[in-house]
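Below is one structure; the comments refer to it alone.
Note that the coordinates shown come from a computational prediction; the quantities given were computed from them, not determined experimentally.
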Amino acid sequence: MSDERDRGAGADAQRVPRATYEKELFRLQAELVKLQEWVRREGVRLVVVFEGRDAAGKGSAIKRVAEYLNPRVARIVALPAPTERERREWYFQRYVAQLPAAGEIALFDRSWYNRAGVEHVMGLCTADEHQRFLRQCPVFEQLLVEDGVLLRKYWFSVSREEQRRRLQRRSEDPMRRWKLSALDLESVTRWEQYSDARDEMLAATDTPLSPWYLVESEDKRRARINVIAHLLSTVPYCDVPRPRFELPAVAPPAERRRPPRAHHTYVPDHAALL
């Protein structure tokens, strides 16, 4: 896949104005809350995989998806590097442990597709392990889907130039520098290898039963609302009626003697110094 194609169809589209973006994002997030309640009531298992190039906007999209959701229902799964024991397990084993139970949503910030991308490109797995993954992955996902799991997979694209700009901004921003890793920097010099790995992955794992959806936009705002709108359109959720709650009537409080304030330690009022 050429660099020009990798820029994405929406690469040159005008940036969505902030006011328009925030209004639509909030509307979509309200729909995500409805989806969450439907998932919980119906006992649905929803898995959403977010993959793509470094600095392509996966993390910020996940953050907007999960912002108003109940963390007991919707979990973000972002696994660290495997332990020595996990390296000796069946490759998919530690991801199986993170799959949702009935009535739950799992948002994978990278997933089992690490083997098709960073592990393959950086030599963290053997060629045989990589090829075995490409053969087993469609079967693994077929088992999930046939068992009733709703599986959605999104691949975020970004141009070479935009990736470099975003990584540079991360390196200069002390509040976001933690996002930058040695592997991120290495990805800049291995652009073509990652392109080849992605194309091979898509050829093997973009199946009718478990298709990939490509997110192509240089504008993060556009990418976020496009992903959320598409996700909502693929799930047959409905608005679940919620019970109305009324605060119970209480009797006037009886007089009680509280301990002196000097018996407790309070947080200083830092805001008063502003």
Yes or no on salt bridge (Lys or Arg N to Asp or Glu O under 4.0 Å) for Glu51 and Lys58, after CA distance, side-chain angles and deciding distance? CA-CA 7 Å; Glu51 291 285 349; Lys58 302 178 299 299; over 6 Å; no

Apply salt bridge (Lys or Arg N to Asp or Glu O under 4.0 Å) to the pair Arg110 and Asp54, showing each step before the final yes or no. CA-CA 11 Å; Arg110 295 203 181 277; Asp54 294 315; 3.0 Å; yes

What do the steps show when you test Tyr91 against Glu119 for side-chain contact (heavy atoms from CB on, under 4.5 Å), and what is the final call? CA-CA 12 Å; Tyr91 175 72; Glu119 289 191 13; 4.0 Å; yes

Stepwise salt bridge (Lys or Arg N to Asp or Glu O under 4.0 Å) check, Arg169 with Glu172: CA-CA 5 Å; Arg169 288 198 295 269; Glu172 297 169 353; over 6 Å; no

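In this model, no donor atom of one side chain and acceptor atom of the other lie less than 3.5 Å apart for Glu86 and Gln93. A donor-acceptor contact closer than 3.5 angstrom is absent between the side chains of Ser195 and Arg190. At a cut-off of 3.5 Å, with distance as the only test, a side-chain donor of Glu141 or Trp112 sits close to an acceptor on the other residue. Inspection of the Glu31 and Tyr237 side chains reveals an N or O donor paired with an N or O acceptor under 3.5 Å.
Val96 has its side chain within reach of Phe140: a pair of non-hydrogen atoms, C-beta onward, lies under 4.5 Å apart. Here the side chains of Arg221 and Glu22 are not in contact, with every heavy-atom distance at 4.5 Å or above.
There is no path of hydrophobic side-chain contacts, each under 4.5 Å, that joins Trp155 to Leu150. Under the 4.5 Å side-chain heavy-atom criterion for Ile, Leu, Val, Met, Phe, Trp and Tyr, Ile228 and Phe108 are members of distinct hydrophobic clusters.
For His264, the NE2 atom sits in a packed shell: over 12 heavy atoms of surrounding residues, nucleotides or ligands are nearer than 6.0 Å. Counting non-hydrogen atoms of other residues, nucleotides and ligands closer than 6.0 Å to CG of Leu247 gives a total of 12 or fewer.
When all heavy atoms are compared, the tightest approach of Lys220 to Ser60 is CD-OG, 4.2 Å.
One finds a salt bridge joining Arg165 and Glu162 here, because a Lys/Arg side-chain nitrogen approaches an Asp/Glu carboxylate oxygen to under 4.0 Å. Here Arg45 pairs with Asp147 in a salt bridge; the nearest charged N to carboxylate O distance falls below 4.0 Å.
Relative orientation of the Trp90 and Phe92 rings is tilted, given thresholds of 30° and 60° on the angle between their planes.
Cation-pi geometry between Arg53 and Phe156 is not met at under 6.0 angstrom from the ring centre and within 45 degrees of the axis.
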